[in-house]
S.K.: 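One structure follows; several queries about it will come next.
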There are 2 protein chains.
Amino acid sequence: MADINFNEMTRPSGDAPAESRSVADPHPPRWDIVELLFFAYRDFVGDADHVLEAFGFGRAHHRVVHFVCRYPGLTVADLLDVLRITKQSLSRVLKQLLDEGYIVQKAGDSDRRQRLLFATAKGEALVEKLARLQTERIDRALRDLPPAGAEAVGKFLRAMIDRDDPDKVLQTILHGASAKDVT
Amino acid sequence: MADINFNEMTRPSGDAPAESRSVADPHPPRWDIVELLFFAYRDFVGDADHVLEAFGFGRAHHRVVHFVCRYPGLTVADLLDVLRITKQSLSRVLKQLLDEGYIVQKAGDSDRRQRLLFATAKGEALVEKLARLQTERIDRALRDLPPAGAEAVGKFLRAMIDRDDPDKVLQTILHGASAKDVT
DNA sequence: CCTGATATGTCAACATGGCTGACATAAATT
DNA sequence: AATTTATGTCAGCCATGTTGACATATCAGG
């Protein structure tokens with residue numbers, strides 16, 4: 001098992017899978033980064049998955065309770081913008097989180113149609129537990145980088161994100177805008 | 001719409017969601033990186049999703065044809081290691097890719113039970129098209145970084161990946177081992 | 001005050017892509 | 001010859017995404 005037979009498994013870094021190689025490709029595929037992103041994200045979310053299983057939750061629940069915990073008072077509409085899913089999909093997991101006491105709702109004071117969402121202590125504990133796991137991995141990865149390297153990672157990730165039509169949460173993250181700025 | 005009311009949406013960078021704050025937390029949650037990874041990956045895979053839709057494919061198909069294209073001669077077992085899914089799940093999408101001529105099989109020469117997988121020209125074209133899209137985003141994100149910054153990003157991503165029990169593909173990526181090394 | 005737009009909830013149906021369990025076949029290994 | 005291995009396949013379940021339709025409460029404007 002795991003018996004190796006790397007038949008024709010070749011192809012080092014920068015060669016396209018056979019074809020157009022004319023003058024000067026302005027964007028030769030970054031195969032390395034593309035694949036590293038796949039593996040890194042796979043293992044990154046994998047950390048949380050195991051814990052979530054014990055709670056009978058999935059990734060969808062994690063995302064919801066995470067953002068509610070981090071941005072208290074988020075409305076349902078806000079959450080839909082952030083997660084980019086439909087209200088029906090959200091409703092399923094949100095209902096469970098409400099029923100099991102990880103999140104509570106409160107009517108908005110200026111607009112009482114809105115349901116402002118807040119994580120309970122129970123919800124915050126779960127979120128922190130998961131964030132702690134993921135943070136360990138991040139710290140491990142940043143440990144061997146100089147301060148400038150860690151800074152570059154942050155800049156890179158920020159620059160990977162779509163800028164057009166940023167939702168409230170994304171604006172906060174990208175511009176570090178304190179809540180008040182947009183009120 | 002997108003009407004702003006940032007009610008109690010506060011919480012700048014480094015404060016835990018209320019609780020244990022005693023002496024010196026060795027791993028204060030890296031909320032920023034955790035969330036940046038979520039958004040960055042969301043938009044990163046989003047690029048490919050639109051194109052795939054036009055082909056009647058999903059992300060699952062992309063992953064399969066991508067790795068087959070990049071590592072020709074991959075066996076089914078290899079692919080299962082890389083993707084970490086079951087053979088039944090793989091079989092569904094792989095069959096479609098075979099039927100529609102994006103991938104071909106060939107019996108292994110040393111072990112004729114194995115089905116070595118290869119992307120056809122059609123498959124390679126699709127993979128390259130998608131990689132090109134993703135590369136544009138990556139290039140855009142790396143553009144504003146100094147060379148040392150780009151290097152740091154690569155190191156970071158590599159360090160984010162689980163090292164225990166790396167599959168064949170991962171070994172190639174991590175150690176840049178040419179195929180022969182493990183044959 | 002009525003009316004229309006908005007924020008949310010809900011029902012029903014469907015698609016994708018994971019999963020398990022059971023079983024079949026061919027080829028390698030012992 | 002018997003067993004193990006690599007792969008395929010059938011059947012069904014689950015999580016999580018989708019669309020469409022419709023109900024309710026509340027806000028906002030004429």
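Chain identifiers are assigned alphabetically (A, B, ...) following the order of the sequence lines, protein sequences preceding nucleic acid strands; residue numbering begins at 1 within each chain. Heavy atoms only: backbone and side chains are in, while hydrogens, waters and symmetry mates are out.
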S.K.: Would you say D:dG17 has OP1 or OP2 under 4.0 Å from some side-chain N or O of A:Thr86?
M.R.: no
S.K.: Tell me the interatomic distance from A:Leu117, atom CG, to C:dT8, atom C1', rounded to whole angstroms.
M.R.: 11 Å
S.K.: Return whichever of A:Gly56 or A:Arg84 has its heavy-atom-nearest nucleotide of DNA chain D closer to the 5' end.
M.R.: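 Per heavy-atom nearest nucleotide, the more 5' residue is A:Gly56.
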S.K.: Using whole Å, report how far CZ of A:Arg59 lies from C1' of D:dG17.
M.R.: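 A:Arg59 atom CZ is separated from D:dG17 atom C1' by 14 Å.
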S.K.: To the nearest angstrom, how far is A:Leu90 atom CG from C:dA7 atom P?
M.R.: 15 Å
S.K.: Only counting residues at least two apart or in another chain, list the ones meeting salt bridge (Lys or Arg N to Asp or Glu O under 4.0 Å) with B:Asp32.
M.R.: none
S.K.: Check the distance between C:dG17's C1' and B:Lys95's NZ and give it to me in whole angstrom.
M.R.: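 Result: 15 Å.
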S.K.: How close or far is atom C1' of C:dG18 from atom CG of B:Leu94, stated in whole angstroms?
M.R.: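 Distance, rounded to whole Å: 16 Å.
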S.K.: Can you tell me how far P of D:dT7 sits from CD1 of B:Ile85, to the nearest Å?
M.R.: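 Distance, rounded to whole Å: 14 Å.
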S.K.: Using a strict cut-off of less than 4.0 Å between a Lys/Arg side-chain nitrogen and an Asp/Glu carboxylate oxygen, indicate whether B:Arg132 and B:Glu128 qualify as a salt bridge.
M.R.: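 Salt bridge flag = yes for B:Glu128 with B:Arg132.
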S.K.: When the distance from CD1 of A:Ile103 to C1' of C:dT8 is rounded to whole Å, what number comes out?
M.R.: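 Distance, rounded to whole Å: 16 Å.
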S.K.: Does any pair with a residue in residues 140-149 of chain A pass side-chain hydrogen bond (donor to acceptor under 3.5 Å, both in side chains), and if so which ones, sequence neighbours excluded?
M.R.: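 Checked against side-chain hydrogen bond (donor to acceptor under 3.5 Å, both in side chains) - neighbours excluded - no pair reaches residues 140-149 of chain A.
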S.K.: Tell me whether the OP1 or OP2 atom of C:dC19 has a side-chain N or O from B:Ser89 closer than 4.0 Å.
M.R.: yes
S.K.: Partners of B:Arg112 by side-chain hydrogen bond (donor to acceptor under 3.5 Å, both in side chains), sequence neighbours excluded?
M.R.: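 With neighbours one apart ignored, the set is empty.
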S.K.: Give a yes/no on whether any side-chain N or O of B:Gln105 is located under 4.0 angstrom from OP1 or OP2 of D:dG8.
M.R.: yes
S.K.: Is there a donor N/O on one and an acceptor N/O on the other, under 3.5 Å, for the side chain of A:Arg92 and the base of C:dG9?
M.R.: no
S.K.: Pairs under 3.5 angstrom only: tabulate donor-acceptor contacts from the side chains of residues 48-57 of chain B to other protein residues two or more places apart or in another chain.
M.R.:
from, atom 1, to, atom 2, distance (Å)
B:Asp49, OD1, B:Arg59, NE, 3.2
B:Asp49, OD2, B:Arg59, NE, 3.0
B:Asp49, OD2, B:Arg59, NH2, 2.8
B:His50, NE2, B:Gly46, O, 3.4

S.K.: Please report, rounded to the nearest Å, how far the P atom of C:dA15 is from the CD atom of B:Glu53.
M.R.: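 Checked: the CD to P distance equals 15 Å.
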S.K.: Salt-bridge test for A:Asp162 and B:Arg42: reply yes if a basic N is under 4.0 Å from a carboxylate O, no otherwise.
M.R.: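 Salt bridge absent between A:Asp162 and B:Arg42.
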S.K.: Determine all donor-acceptor pairs shorter than 3.5 Å in which one atom belongs to a side chain in residues 145-159 of chain A; sequence neighbours excluded.
M.R.:
from, atom 1, to, atom 2, distance (Å)
A:Arg158, NH1, A:Ile173, O, 3.3

S.K.: Ignoring backbone atoms, test whether B:Arg115 places a side-chain nitrogen or oxygen under 4.0 Å from the OP1 or OP2 oxygen of C:dA26.
M.R.: no
S.K.: Sugar-phosphate atoms are those with a prime plus P, OP1 and OP2; base atoms are the rest. Using that split, label each nucleotide of nucleotides 20-27 of chain D B, S or - for protein heavy atoms under 4.0 Å, 5' to 3'.
M.R.: BB---BBS
